[in-house]
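Encoded as structure tokens, the structure appears first; notes follow it.
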Amino acid sequence: MDLYVPIIVLGVLAFAFAAGSVAMAAFTGPKRWNRARLDAYECGIEPTPQPAGGGRFPVKYYLTAMLFIVFDIEIIFLYPWAVAFDHLGIFGLVEMVLFILTVLVAYAYIWRRGGLEWD
């Protein structure tokens with residue numbers, strides 16, 4: 001259990017910093033609300049009008065987000081595997097091949113749905 005204490009302390013400190021930053025911004029930030037501030041921000045250009053109940057986004061946005069998540073998860077698992085590759089032996093190799101095949105299924109799904117085509 002002693003090995004987990006630094007990780008728990010770091011998690012508590014990160015949460016306290018995040019919560020404290022949000023709380024301080026709410027207390028010290030300006031309170032001037034206007035129409036421009038409440039509008040959607042689109043990198044300095046005029047925002048495109050949206051329907052009253054919100055608009056429907058194309059599936060491509062969600063597919064792109066899913067693609068980023070899939071590759072982030074892959075990288076998170078590949079680094080420890082590469083470090084411990086010698087100790088894992090053939091079992092580690094087989095498990096990583098199965099994991100990469102699973103990731104390729106998600107990649108193939110996004111490819112078939114047109115998530116990689118930019119119009």
Requested in this report: With the side chain counted from C-beta on, respond yes when Val83 and Tyr79 share a heavy-atom pair under 4.5 Å apart, and no when they do not.
Outcome: no

Query raised in the report: Roughly how far, to the nearest 0.5 Å, is CD1 of Ile73 from CZ of Phe68?
Result: 14.0 Å

Requested in this report: For the residue pair Tyr107 and Trp111, categorise the inter-ring angle as parallel (less than 30°), tilted (30 to 60°) or perpendicular (more than 60°).
Outcome: tilted

Query raised in the report: How many angstroms lie between CZ in Phe91 and CE in Met96, if you round to the nearest 0.5 Å?
Result: 10.5 Å

Query raised in the report: Taking everything shown except Phe77 itself, do over 12 heavy atoms lie less than 6.0 Å from its CZ?
Result: no

Query - Atom pair OH (Tyr4) and CE (Met1), whose distance is rounded to the nearest 0.5 Å - result: 8.5 Å

Report summary line: So CD1 of Ile90 and CG of Leu93: to nearest 0.5 Å the spacing works out to 5.0 Å

Requested in this report: Check the hydrophobic clustering (I, L, V, M, F, W, Y; side-chain heavy atoms under 4.5 Å; chains of links allowed) and say if Val105 and Val103 are grouped together.
Outcome: no

Query raised in the report: Between CG of Leu104 and CD of Glu74, what distance do you get to the nearest 0.5 Å?
Result: 7.5 Å

Report summary line: In this structure, OH of Tyr62 is separated from CD1 of Ile69 (nearest 0.5 Å) by 12.5 Å

Query raised in the report: Mind checking whether Tyr109 and Met66 have side chains closer than 4.5 Å, heavy atoms only?
Result: yes

